Structure formats: C-alpha cells, structure tokens
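This report refers to the structure that appears directly beneath it.
Both backbone and side-chain heavy atoms feed into the values below; hydrogens, waters and symmetry mates do not. It should be emphasised that the depicted structure is a prediction, and the values quoted were computed from it without experimental measurement. In what follows, every chain begins at residue 1, and chains take the letters A, B, ... in the order their sequences are listed.
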Amino acid sequence: MALSNEAYEALQAIVGERNVTRDPAILDGYALQMLVELVRPNCGHYMPRAGAIVMPGSTEEVQAIVKAANKYNFGVKPHGTGWYHWASPMYDPGTRYGDEKDTVQLDMRRMNSIEIDEKNGIAIVGPYVIHAQLHAEAIKRGWSCNIIGAGSSCSVVAAACAYSGIGAGTMWMGGNAENVLGMEWVTPSGEIVRNGSLGSGDGWFCGEGPGPSVRGIMRGTLGSRGGMGVYTKCAVRLAHWPGSTDWNVQGTVPAYRLPLDKTFRVYTVAVPTWDAWTDLYYKIYDNEIGYTLHRQYNLAGAELAPAFWLMYTDPTKQLSDLPAMLDEPGMAELTEEMRISLQIVMAGRSEADAELQDKVLDKILEEVGGWKVEKYCTQDMAEFTNMYMNRLGHKEINYVYAGNYIGSWMQAGTPDWVKGYIPVAAAGYERDYRNGLLVQAGGDSMMGTVGAYPGGGIMGLEQFVSYDGADHESTAAAWYHMDDAVEDAKTINYPPGKEALYIEMRYTDEQAFDKWSKSKQPWTYVFQREIRKRYDPNYVGDRQYNWIPEEWERGEKHASTPIMPGPGRPQPAPEGYPTI
Amino acid sequence: MALEDYRADAMRCNRCSYCKWIPQDRIKSWEFAKGCPSVDYRHFHAYSGGGRLVAGLSLTDGRSEITDELIDVVFECTLCGSCDVSCKVCRYDMHPLSGAKEFRHYLVDKGAVPAAYPGIIAKLRDTGNMAGAPQAKRADWAEGMGIKKLGVDTDKAEVLFHAGCLYSFNPALRNVVQSSARVLAKGGLDFAIDGDERCCGGKAYDMGYRDDFAAAAKANLEKWAAAGVKTVVSPCATCFWTFKRLYPTVAGDDYGIEILHTTQVADRLIKEGKLKPTKRVPMKVTYQDPCHLGRQGEDYVPWHGEEKKIFGQAVVYDPPRPRYNGAFGVYEPPRDVLKAIPGVELVEMERNKEAAWCCGGGGAVPQAYPDFADFTASKRLDEAQSTGAEAIATACSSCNRILGNAKAADGGTMKAIDVLELLEQSL
Ligand SMILES: Cc1cc2nc3c(=O)[nH]c(=O)nc-3n(C[C@H](O)[C@H](O)[C@H](O)COP(=O)(O)OP(=O)(O)OC[C@H]3O[C@@H](n4cnc5c(N)ncnc54)[C@H](O)[C@@H]3O)c2cc1C
Ligand code: SF4
Ligand code: SF4
C-alpha cells in the first residue's frame with residue numbers, strides 16, 4: 001500500500017519538510033545495499049524501496065513517527081549507517097502483512113549525541129554515533145571500546161542493540177551486546193521504554209536493573225534488525241586503554257601507522273597445522289593475553305595475502321602490482337610461512353606486564369610449534385597492524401578485489417569445532433572459483449575473531465568469497481556458492497553457515513518456514529511471537545525480527561508465492577582450467 | 001567518460017559510508033570526524049560520494065527522473081574530493097569524485113542546472129572571466145608594480161604568472177595577488193603576466209560545462225604556445241589544479257608545461273637562499289589546505305587504458321591507472337614557507353592535508369547554494385578557532401574569500417591571510 005499524501009504530510013509536520021523526502025533517486029540511495037544482488041530476484045541491485053526517508057531529530061520525533069505509522073498503516077525501519085541489507089524494509093507481498101506495505105526508513109543521522117562519563121567509563125550515545133567517534137573520544141580520556149568486526153564506521157547503537165556486536169576486541173572488552181548499560185527504546189506501538197537502571201531513574205550504569213530489563217526483547221536472537229521498534233540512545237561500557245591518550249596517527253593514505261606505546265606488543269604469529277592452531281587459541285584464552293586478536297590479514301586469501309599487505313602498505317603501489325609481487329624472491333616462502341596465521345595486539349597494564357605477556361606468548365608459541373612472522377613483525381608492519389587492529393578502520397578492504405564479497409561459513413563454536421569445517425570450506429571455495437567467476441585467492445581465505453565472547457572460548461571463521469556485483473556471471477557464481485556451501489556443510493553434519501541468513505532473504509517468510517520447518521524451530525521465535533503481539537500489534541516492524549505464527553508451529557502450510565528467481569547456474573570449469 | 005561508465009562503480013559501492021568521514025584512522029574526535037560537507041548539510045545518503053553514484057545508477061536504470069531535488073543532489077556538493085580520498089583508503093576501483101563531476105556534465109547536457117549557473121556561464125562567454133567584469137580591467141592589480149605584460153612589454157615569456165579571475169577582479173583580494181607577485185620578484189623570478197588573461201575554465205568544468213572549459217583551455221594553450229611559455233605560476237589553487245590536472249586532457253600527453261603554485265615557488269626560493277625571511281611576524285596561525293592544491297593537487301599522469309581482471313575477478317586497470325587518492329598532494333611547501341617565517345607558530349587543525357575539511361568555496365557552490373557554502377565555512381572556522389590560532393593562512397582565492405567572510409558558530413570571525421602575504425611581512 002503506497003504511502004498516502006496524508007501520511008507524508010504528517011511526517012513533514014513531525015520532522016520538518018527538509019528532513020523528509022520521497023524523491024525516487026534519493027530513496028534508491030537507501031535501496032542499494034551490500035550483497036543486495038545475492039538476495040534479490042535475478043540478482044537485482046535494489047532492496048525494496050522505502051515510501052519515504054525521514055530524519056528524526058529527537059526521541060519525541062521518533063515516537064511521533066511511530067504513532068503515525070500505527071495510524072496510517074505504514075511500516076517503520078530504522079537505519080544506522082546502513083552497512084547491511086538488514087537496514088532495508090522487508091515485507092512479504094501477499095502474506096500475513098496483507099499487501100506489500102509501504103515503509104518509511106528512518107535515517108538516524110541527526111541523532112548523534114555523545115556523552116562520556118569519564119569517571120565510570122560509560123558512554124551514552126545516540127544512534128548515529130559511529131565507533132570511530134566513540135573510540136576517538138574514549139582514547140582521549142584513557143578509555144577504549146569494543147569496535148565490531150564490521151569496523152569503526154558502523155553505528156554503536158545498531159551494533160549494541162540491533163545486530164550482532166562482535167569484534168577483534170571482544171575477547172578482552174566484551175561484545176557490544178554485553179556492554180549495554182541501558183537503553184531508550186521507542187516500541188513499535190509508540191511507547192518509550194527505558195531499561196536497566198535508567199528505567200528506575202537511577203542513571204545509566206546497569207542494563208539489567210534495578211528497573212525493567214528488556215535486553216532480551218530488544219536483542220532477540222541475532223538482534224532485532226530494525227524489526228522491533230527504534231533505539232534512540234544507549235549506554236555502553238568502555239574498556240581500559242593502557243596506551244597514549246594522543247591518537248598519534250602517522251603516515252598517509254591508504255595505510256596509516258600507529259606507533260607502539262611501551263606497553264604494547266603487536267605480532268603476526270603462525271603455526272604449522274590446524275591442530276596447532278586450535279591449541280594456540282586455547283592457550284591464548286587460558287593465559288588471558290591479547291587486547292585485540294583477529295585472523296585478519298587472511299581475508300585477502302592464503303595465496304595472495306602475504307604479498308597483498310606488502311602492496312597495500314606501500315602508497316606507491318596498487319592492486320595491479322600484486323601479480324608481479326607474487327613472483328618476487330622470497331614471496332613463495334613467506335606465503336607458506338604465514339599460511340595459518342593471525343594478528344595479535346597485546347596491551348600491558350604496565351611495561352612489566354607487557355614483558356610478561358611477551359614471555360607468555362613466546363612460551364605458547366614454543367609449546368604449539370609456532371613462530372612470529374618476521375616480515376610482518378618489523379616496526380613498520382607492527383605499527384600498521386597496531387592501527388588496523390585498534391581502530392578497525394579498513395574494513396571496506398573486505399571488498400578490495402571486486403567490490404563485493406560473500407562471507408560464507410562462519411559457524412561459531414570452539415576452535416576444535418571450527419577446525420572441523422576448514423578443509424571442507426576451503427575445498428568448496430576452490431571448486432567454485434575454478435571457472436574464474438569468483439576471485440581466486442586461495443582456498444583458505446578465512447578470517448575471523450579469535451574470541452567472540454569475553455574471555456574467549458567461542459570463535460568463527462568466515463570464508464571471503466569475492467565477486468564482481470557489476471558482472472552478472474560473477475554474481476551468479478556467488479549466488480550458487482552460497483547454496484553449495486550449505487550442501488557442503490551437510491556433508492560433514494554441520495549446520496548451515498552465514499550464507500543461510502542471506503538465502504533466507506530470497507524466500508518469503510512462508511517459504512522460509514516451509515524450508516526450515518523440517519528442522520526444529522528455535523524457541524526464541526515462539527517467545528518473539530508473543531513479544532510481537534504485545535509490542536507490535538499493527539506490524540509496524542518488518543520480518544527481520546524473526547518469529548513464527550502459531551499455525552506454523554502446528555505444521556499448517558501457507559500458500560506460497562514463487563521462490564525468488566535466481567540467475568542461471570554458471571558452467572563449471574572445464575578440466576584443467578588454470579587457477580593461481 | 002559518460003554517466004553510464006560509472007554504473008559499475010555504483011554496483012561495486014557497498015555503502016560503507018567511508019565517503020562521509022575523513023579516513024577512519026585519522027579520526028581524533030566526535031566533531032572533526034566528518035569529511036563530507038554535502039552530507040553533513042543535507043544528511044540524505046544521496047548527498048554523499050557513494051549516494052551520488054547510486055542516484056546516477058537509479059537514473060540510468062530508469063527508476064528515477066530528473067527532478068529539482070536531484071539537481072540539488074548533484075550540485076549541492078563542493079567537489080572537495082574528501083569522499084574520494086576516504087573511499088580509496090580501501091578501494092582501487094572506485095572513483096566517486098569523477099563520478100560526481102560526470103553527473104554534473106550529464107545534467108548540463110540535459111539543461112538541468114541550478115538557476116544561477118546559466119548567468120555565470122553567459123558572463124564567461126561574454127567577458128572571458130567568471131566575474132563578468134570588463135576584461136580591460138584584468139591587469140589593474142599590477143598597475144605601477146613594474147611587472148612585464150605579455151603583448152605589451154614583451155611577446156615572449158618563459159614564466160607566466162596567472163592571477164586568476166577572483167584575484168584579478170575582487171578588490172578585497174588584491175593585496176594577496178600583489179604580495180605574491182612582489183615576493184616572487186624579490187626572489188629573482190623572471191616572469192610576466194598576461195594583460196588580457198583569460199579564465200582558466202576550471203570553474204566551468206566543475207559546473208559541468210565541459211565545452212566552455214575546453215574553449216578556455218584551448219585559448220590559453222594557444223596563447224602560451226605563441227609566447228613560448230614553459231612554466232605557469234598561480235597563487236590560485238583552482239587555476240593551479242586546472243592547468244595541472246585538466247589542461248593535459250586537452251593538450252595531450254606531450255603537454256610539457258610546468259605548473260607551479262606560488263607557495264611551491266616561494267618554498268623553492270627560500271630553500272635556495274634567494275628569499276630570506278628574517279623579520280619576526282609573531283602570529284599563531286593555522287593552515288587551510290585548499291582542496292585543489294592538497295588532495296587534488298597531485299601530479300597528472302597520462303593514462304589511456306581499460307579495466308581488466310586478474311585472479312578471475314579482481315578489478316584492475318591495464319596499464320595501471322593513476323590513483324589520485326590524496327597521498328601525494330601539495331601539503332608541505334606551504335607549511336615549509338610558514339615554518340620558515342620567524343615568529344609564526346603553525347598549529348594544525350585536526351583535519352588537515354588529505355583529510356582537510358573544505359572551506360565551502362568549491363564546486364561553484366557559493367554561486368548556487370550560498371547557505372551551504374556559509375555552513376561549510378563556518379564549520380571550518382570552528383575548527384580553526386579550536387586550535388587557538390589568530391589567523392587562518394591559506395593559498396587559494398576561494399578559501400581566502402570565503403573564510404575571511406565566514407562566521408563561526410559562536411559568531412566569531414578570523415583573519416584569513418595568504419601564505420605569501422605572511423611571507424612578505426617577514427622579508
Ligand atoms: C563487511 C561487514 C562485516 C561485518 N562484520 C561484523 C562483525 O564482525 N561483527 C558484527 O557484530 N557485525 C558485523 N557486521 C554486521 C554489521 O556490522 C552490523 O549490522 C552493524 O550493526 C552495522 O552498523 P550500521 O550502522 O551500518 O547498521 P545498519 O546496517 O544501519 O543497521 C543494522 C540493523 O540494525 C537496525 N538498526 C539500526 N539502527 C537502529 C536503531 N537506532 N534502532 C533499531 N534498529 C536499528 C537496522 O534496521 C538493521 O536491521 C558486518 C557487516 C559488514 C558489512
Ligand atoms: S563510494 Fe566508496 S566510500 Fe562511499 S559508500 Fe561507496 S564504497 Fe563506500
Ligand atoms: S566532493 Fe566533498 S562535498 Fe562532494 S560528496 Fe565528496 S566529500 Fe562531499
């Protein structure tokens with residue numbers, strides 16, 4: 001149902017004419033999203049287009065917009081920086097929402113206040129404060145913050161309250177979801193709820209009380225992904241920063257350096273086998289070393305990464321120099337040396353602590369048969385890694401090869417469990433890139449955090465599969481790579497990985513149910529149904545807040561619309577097709 | 001290139017929004033994290049480097065049409081290039097700034113431009129300058145200074161001093177151009193000016209009027225050839241950039257003319273001992289990197305190539321394409337001049353060099369969107385004030401004019417002064 005003029009005028013009255021638009025070209029700026037071509041019919045480039053974009057300036061304006069949505073029957077979808085297609089409205093045509101519902105996207109840009117309680121290490125941020133801003137303000141005061149793996153350009157509120165929240169610093173600093181110390185929430189029916197200690201008027205210091213703890217409601221399983229109201233503010237816990245309060249950035253684009261304080265150590269370490277790799281992880285957890293840890297550089301692919309980062313850190317070089325660099329003397333040896341490696345930044349509370357951590361790491365490496373990769377531990381590379389890992393300001397490099405990538409696999413679990421899928425994931429990627437339609441970066445282009453929970457224990461590796469979204473054939477190859485990855489996982493009895501989340505987007509909710517109903521539904525979806533009934537009776541939120549209707553639980557099927565048309569499957573590589 | 005040629009960029013843009021900020025690593029505070037004046041002013045994604053690419057995709061896909069709002073999207077941008085620098089921190093295959101310029105050209109072709117533009121272009125066509133001032137007054141600023149004039153005192157000049165339209169006709173800026181010329185002469189530089197100097201055409205290019213730019217370029221190139229000009233020196237960053245980066249596209253790969261900014265020449269003369277700043281000029285100054293001198297002031301590298309793929313799908317260019325990512329802009333010469341002046345204390349703004357915030361004067365914005373220009377300048381003044389500087393030194397006519405007239409958020413103003421004006425005080 002198209003947004004009525006009456007509804008549009010109501011929005012104008014709430015936020016002012018300047019802060020609302022329905023110009024199609026501007027709307028499309030919100031419809032184009034990363035990975036869009038893998039989840040839209042025929043690899044199209046646009047998510048469903050909103051009926052209008054609105055920029056609220058305050059919690060009260062958000063509340064008024066949501067109330068208008070209930071009155072005029074449109075949907076509301078909040079949008080942080082929009083670095084994921086979850087920020088686009090998803091309503092199923094002809095399903096339980098009635099007709100395709102027009103949605104208003106709320107671009108939260110104008111709500112970007114930041115307040116830091118320096119004494120208590122708490123930051124209170126509006127929805128458009130990005131991690132880099134919070135990090136910068138925190139560093140000045142001797143604090144730091146967990147920056148999610150998507151990097152410093154993402155909204156803190158989105159990462160803390162609406163989706164995931166894991167990053168390279170999570171093992172030390174906690175995930176963003178755990179770090180929430182209170183939040184302000186405009187529910188889909190237009191109430192304002194303040195949770196944790198804030199709800200009882202005691203300020204922002206505890207997310208669970210005294211006062212209402214509605215964290216579970218707001219987070220849901222992976223996060224409510226904009227389907228359950230709008231978070232207008234939240235408080236997050238900061239982490240201690242034992243480095244200089246002067247963010248002493250050096251050098252120029254693209255690869256800035258951060259000199260190491262005396263309390264810091266930065267290494268790229270490697271091990272000979274995946275068994276040694278799991279031991280390395282467990283020993284890091286047990287000994288509680290490491291400030292930020294990531295298997296980071298391997299995103300460029302085990303065959304290309306060693307040369308890639310040497311190219312990247314030289315401002316006179318570019319991607320086209322990479323083939324020649326691969327042939328440089330010593331590069332083949334370096335590639336072998338770093339095949340199974342990770343990056344670690346250690347921060348001591350004192351110089352003595354840093355020295356101790358150094359000794360502990362050396363001992364661990366000795367025990368697991370590992371080593372420091374000398375070429376990547378020079379002062380220059382250490383300074384680059386120090387910057388990269390502490391700020392996570394280069395995440396767009398995930399897209400460096402061809403502008404798009406799909407992160408497949410990424411099933412999270414213990415290192416031993418993750419180890420179980422690595423060879424299968426690598427072989428599947430190699431098989432799928434043989435025809436040259438995906439970037440050939442070496443079978444293992446797996447990257448991921450060392451610890452996804454405080455203290456470690458759980459982690460995951462994501463396979464970086466780059467494709468060219470401007471090339472239909474290449475996009476089609478990525479489309480089918482996702483299906484193949486699910487099939488590959490089945491062969492070793494692993495559940496589907498991250499790709500399943502995207503594949504699900506190609507289905508209506510009904511189709512997804514038909515497909516997944518063969519497996520047990522998580523109880524969370526049942527709880528979330530009840531939550532939805534209470535807080536969103538008019539379906540103001542979209543289907544990204546997962547829940548299952550009662551009929552589904554009884555196994556009753558719904559009339560299905562045809563599954564989203566995909567591209568034709570690309571031809572497999574002919575026998576003997578050359579790869580790197 | 002055509003707008004269609006940027007469709008691949010749009011499809012390869014994944015909406016990371018880096019183009020809205022200074023490079024992420026350089027962010028040191030909440031306030032001065034912002035890099036794009038356009039999106040900071042209008043907020044909608046379309047007003048960012050990436051957003052404009054998508055708007056172009058949408059238009060060429062037939063999903064949207066040219067509207068008044070779209071005209072604003074395309075022209076309410078200072079073309080400062082901050083988006084381009086930040087995007088290229090991680091990407092070798094994206095060109096948001098040239099995409100934005102192409103969009104303007106596309107709309108000019110369709111006759112869809114801001115209301116102010118046709119009048120400005122008509123003036124350029126009538127008078128040969130952007131101000132629409134009588135061309136006879138072009139060299140008035142040099143009267144009585146004893147500077148050689150091409151066509152009057154001499155027919156030949158190896159070194160040509162090009163003042164630029166704003167410096168030539170704006171009385172408030174006259175002292176800058178005069179100082180610049182005096183300083184260079186004092187350093188022993190033998191140069192002439194053109195009494196009938198014509199607009200460089202850079203502004204017309206930025207406005208999207210490529211034919212007018214090409215006409216201006218051809219006229220100047222012919223004159224320079226006839227006069228045997230080997231080096232052109234300009235105190236205006238936009239003229240410098242136009243001659244350096246745009247003229248070779250008209251002249252061809254054997255362009256061969258050395259283009260220098262006055263700060264580069266002064267720096268050279270100081271380092272060669274030909275200029276000796278000795279008098280104390282006790283002043284705390286900060287420096288505004290002009291976009292056309294700084295991040296867009298990198299050397300032109302001829303390139304005629306095409307996209308190709310390696311490792312299956314990785315996008316590169318054959319031969320390698322110049323990056324123009326701001327790494328090698330003209331940043332140090334003006335700073336070195338300032339540092340050479342006894343008594344001058346240079347204090348940097350947080351956003352400097354490749355991460356500098358635009359003054360608001362670029363992209364023909366003051367002419368079409370004066371409120372936006374004022375907003376941008378005001379933000380810059382806030383930052384300049386935060387350094388505790390008394391004055392803001394710069395090296396561009398647009399920066400000088402707009403910052404000199406701007407008001408900070410607290411209503412405060414600041415003296416804008418050219419680097420060479422300051423240098424002259426110390427000689
Ligand atoms: C390359 C890449 C790598 C990633 N890696 C990681 C990772 O390692 N760890 C991790 O945690 N995440 C990761 N993500 C996911 C992504 O970072 C998160 O979705 C993050 O929250 C994005 O921030 P954003 O500001 O762009 O949010 P958006 O994309 O704008 O929004 C994310 C979701 O939150 C909702 N939302 C946003 N703001 C609000 C609000 N104020 N109220 C209610 N709902 C809101 C949106 O509707 C949307 O569903 C990755 C994403 C990308 C693109
Ligand atoms: S233009 Fe570049 S920086 Fe901007 S969103 Fe697109 S990829 Fe990111
Ligand atoms: S050129 Fe400058 S004003 Fe224009 S979009 Fe890029 S950063 Fe923004």
Tell me, out of [options], who's got the most heavy-atom pairs with chain B below 4.5 Å.
| options | result |
| --- | --- |
| Asp107(A), Ile139(A), Asp471(A) | Asp471(A) |
| Ser474(A), Gly393(A), Pro24(A) | Gly393(A) |
| Asp246(A), Ile130(A), Asp321(A), Thr252(A) | Ile130(A) |
| Met34(A), Arg391(A), Glu396(A) | Glu396(A) |
| Tyr388(A), Trp83(A), Tyr401(A) | Trp83(A) |
| Lys395(A), His135(A), Glu37(A) | Lys395(A) |

Proximity breakdown for [X] and chain B, heavy-atom pairs closer than 4.5 Å:
| X | result |
| --- | --- |
| His79(A) | side chain |
| His45(A) | side chain |
| Val129(A) | side chain |
| Asp28(A) | both |
| Tyr46(A) | side chain |
| Thr475(A) | neither |
| Arg49(A) | side chain |
| Val20(A) | backbone |
| Leu437(A) | both |

Please rank [options] by heavy-atom pairs under 4.5 Å with chain A and give me the top one.
| options | result |
| --- | --- |
| Thr67(B), Ile310(B), Asn325(B), Asp318(B) | Asn325(B) |
| Asp40(B), Leu57(B), Ile66(B) | Leu57(B) |
| Ser48(B), Pro23(B), Gly50(B), Ser29(B) | Ser29(B) |
| Met11(B), Arg323(B), Arg15(B) | Arg15(B) |
| Val39(B), Asp9(B), Leu70(B) | Val39(B) |
| Gly51(B), Cys16(B), Ala33(B), Gly326(B) | Cys16(B) |

For [X], which atoms come within 4.5 Å of any heavy atom of chain A: side chain, backbone, both, or neither?
| X | value |
| --- | --- |
| Leu53(B) | neither |
| Ala355(B) | neither |
| Arg42(B) | both |
| Tyr331(B) | neither |

In plain terms, say whether [X] and [Y] are close enough for a salt bridge, that is, a side-chain N and a carboxylate O under 4.0 Å apart.
| X | Y | value |
| --- | --- | --- |
| Glu307(B) | Arg12(B) | yes |
| Glu137(A) | Arg141(A) | yes |
| Asp289(B) | Arg335(B) | yes |
| Arg63(B) | Asp61(B) | no |
| Asp299(B) | Arg245(B) | no |
| Glu332(B) | Lys353(B) | yes |
| Glu298(B) | Arg295(B) | no |

Do we get [X] above [Y]'s six-membered ring, with its NZ or CZ under 6.0 Å from the centre and within 45° of the axis?
| X | Y | value |
| --- | --- | --- |
| Arg109(A) | Tyr128(A) | yes |
| Arg26(B) | Tyr18(B) | no |
| Lys110(B) | Tyr106(B) | yes |

Open item on the list: Could you check whether His45(B) and Lys20(B), counting side-chain N and O atoms only, form a donor-acceptor pair closer than 3.5 Å?
Closed with: yes
Open item on the list: Can you confirm whether more than 12 heavy atoms, excluding those of Asp5(B), are under 6.0 Å from its CG atom?
Closed with: yes
Open item on the list: Just checking Trp357(B) against Phe32(B), ring centres under 6.0 Å apart?
Closed with: no
Task: Which atom of Met311(A) lies closest to which atom of Leu319(A), heavy atoms considered - done: SD-N, 3.8 Å
